[in-house]
Amino acid sequence: MATLKDKKILLAVTGSIAAYKIATLTRLLVKSGAQVRIIMTEAATKFITPLTLATLSKNEVHQEVSSGASWNNHVELGLWADLMVVAPLTATSMAKMANAICDSMVVAVYLSARCPIFFAPAMDLDMWAHPANQANLKKLISYGNHLIPVGIGELASGLSGAGRMAEPAQIVEVLAHHFQKGKDLQGKKVLITAGPTFEAIDPVRFIGNRSSGKMGLALAKDALRRGAEVCLILGPSRLDLSHPALNLVKVESADQMYAAAKQHFPAMDIAILAAAVSDYRPKEQALEKIKKKSENLILELVKNPDIAASLGQQKQKHQLLIGFALETNNEEANAIGKLKKKNFDFIVLNSLKDPGAGFNHDTNQITILSKDNKIKKFELKSKKSVASDILDEAIEWMNK
Ligand code: PMT
């Protein structure tokens with residue numbers, strides 16, 4: 001059975017008929033070792049009483065942002081929790097959470113919480129499919145919250161389709177899995193390339209690209225959180241990171257990134273190549289600033305080393321090599337071409353055609369294509385959540 005021993009779980013209940021299942025969910029959470037505190041919207045109390053949930057959770061149930069001395073109980077609860085789960089989440093509360101309409105205890109705590117937030121929507125099928133709800137759902141996911149997917153089946157309306165709240169046992173499994181992640185890369189060494197490369201033309205100018213390093217840093221942070229030792233080879237980026245288990249190697253050019261990657265790769269279990277490496281560099285690098293003399297200036301470019309392809313050749317059986325593909329057209333075909341050419345185990349495709357994906361955004365939308373011809377598509381999410389999805393996939397591969 002899933003364990004949540006000593007975890008502080010804040011359960012937020014909103015007004016759906018699925019709220020009757022929250023008695024079971026509370027019991028399962030308590031049984032799995034969690035400390036449970038519950039907050040409810042007024043609408044939720046029409047479906048299940050605060051007394052029932054207070055009895056099962058062995059804690060007072062909160063419904064209102066208090067006044068007087070304890071007016072800031074929403075902040076205290078938000079800070080107390082290791083994890084907040086909103087179940088069931090109605091269309092109304094989803095809209096309020098997505099748009100910071102802070103007129104209930106549930107939304108006040110949600111906005112104040114610093115812990116990971118999971119939500120399990122419950123709606124009728126047409127309501128669930130409505131573009132307005134789907135837009136709010138996307139917003140919530142893009143803020144880094146975690147969706148516990150709806151089930152498909154018979155609905156309270158008598159209709160059948162997608163929209164049922166996930167079953168209480170499934171919700172407990174998802175939450176327990178989240179905490180297990182804390183250790184699933186313990187003892188592993190992970191190499192990550194991130195950011196752009198700058199290829200000098202002269203002491204002043206360079207050929208570069210728009211990579212910020214955010215995707216690679218999100219990967220490094222998640223790998224560190226999961227207990228890995230991380231070697232992050234970072235091209236010129238404004239971002240920085242420090243951690244006792246991090247070896248940060250700062251480089252400027254593709255040649256330098258290549259040298260660092262070749263040096264560190266043999267000791268690694270996993271390498272994830274998120275850097276946007278310049279494919280070409282100027283053949284000559286002027287020692288002094290090039291003066292503006294003629295109408296045209298022709299730069300001769302030569303190919304840079306392909307870091308990914310080189311690591312793909314050296315790769316040992318126990319090592320996992322993961323690439324990225326940044327595409328603008330023919331996305332999947334191009335990504336599969338790179339997957340094969342560079343000997344990746346899987347490749348993470350992001351397309352500049354998808355709004356919110358690629359360079360510099362805090363979000364990304366990815367498709368994972370693997371060498372066993374499987375394709376997994378993901379929604380637009382925060383780069384933090386995307387990093388977690390990629391590392392989940394890496395762990396699945398390591399356990400094969
Ligand atoms: O840094 P951000 O602003 O957060 O943006 C993230 C990102 C868009 C840079 C990232 O998500 C991404 O897509 N990185 C790969 C960008 C890229 O250059 O892709 P590519 O399709 O050109 O290269 C394919 C793969 O080969 C990549 O894993 C790349 O790191 C690697 N490569 C490419 C050329 C080269 N000379 N050496 C390499 O290792």
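Starting from 1, each residue takes its place in the sequence as its number. Order of listing sets the numbers, starting from 1, for every ligand and every atom in it.
- Evaluation of the ring-ring contact (aromatic ring centres under 6.0 Å, His included) rule for F206 yields F198 as partners, not counting sequence neighbours.
- Ion pairing between K214 and D362 holds under the 4.0 Å rule for side-chain N and carboxylate O.
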Please tabulate, one pair per line, all N/O donor-acceptor pairs under 3.5 Å involving side-chain atoms of residues 275-291, not counting sequence neighbours.
| unit_1 | atom_1 | unit_2 | atom_2 | d |
| --- | --- | --- | --- | --- |
| S278 | OG | Y280 | O | 2.7 |
| R281 | NH1 | K303 | O | 3.3 |
| R281 | NH1 | N304 | OD1 | 2.8 |

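- We find that D345 and K315 are joined by a salt bridge, their nearest charged nitrogen and carboxylate oxygen being less than 4.0 Å apart.
- Salt-bridge check for E76 with R37: failed, with every basic side-chain N at 4.0 Å or more from each acidic carboxylate O.
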Nitrogen or oxygen contacts under 3.5 Å, ligand 1 side and protein side:
| unit_1 | atom_1 | unit_2 | atom_2 | d |
| --- | --- | --- | --- | --- |
| ligand 1 | 1 (O) | S211 | OG | 2.7 |
| ligand 1 | 1 (O) | S212 | N | 3.2 |
| ligand 1 | 1 (O) | G213 | N | 2.7 |
| ligand 1 | 3 (O) | S212 | N | 2.7 |
| ligand 1 | 3 (O) | S212 | OG | 2.6 |
| ligand 1 | 3 (O) | N360 | N | 2.7 |
| ligand 1 | 4 (O) | S212 | OG | 3.4 |
| ligand 1 | 4 (O) | K214 | N | 3.3 |
| ligand 1 | 4 (O) | M215 | N | 2.8 |
| ligand 1 | 4 (O) | K383 | NZ | 2.8 |
| ligand 1 | 11 (O) | N350 | OD1 | 2.6 |
| ligand 1 | 13 (O) | N350 | OD1 | 3.3 |
| ligand 1 | 13 (O) | N350 | ND2 | 2.9 |
| ligand 1 | 14 (N) | A274 | O | 2.9 |
| ligand 1 | 21 (O) | L326 | N | 3.2 |
| ligand 1 | 21 (O) | K338 | NZ | 2.5 |
| ligand 1 | 26 (O) | K342 | NZ | 3.0 |
| ligand 1 | 28 (O) | L273 | O | 2.7 |
| ligand 1 | 28 (O) | F324 | N | 2.9 |
| ligand 1 | 28 (O) | F324 | O | 3.2 |
| ligand 1 | 30 (O) | L273 | O | 3.4 |
| ligand 1 | 30 (O) | A275 | O | 2.6 |
| ligand 1 | 36 (N) | P305 | O | 3.0 |
| ligand 1 | 37 (N) | I307 | N | 3.2 |
| ligand 1 | 39 (O) | A308 | N | 2.9 |

Ignoring hydrogens and angles, write down the donor-acceptor pairs under 3.5 Å from the side chains of residues 6-16, residues two or more places apart or on other chains.
| unit_1 | atom_1 | unit_2 | atom_2 | d |
| --- | --- | --- | --- | --- |
| T14 | OG1 | P88 | O | 2.6 |
| T14 | OG1 | T90 | N | 3.1 |
| S16 | OG | A18 | N | 2.9 |

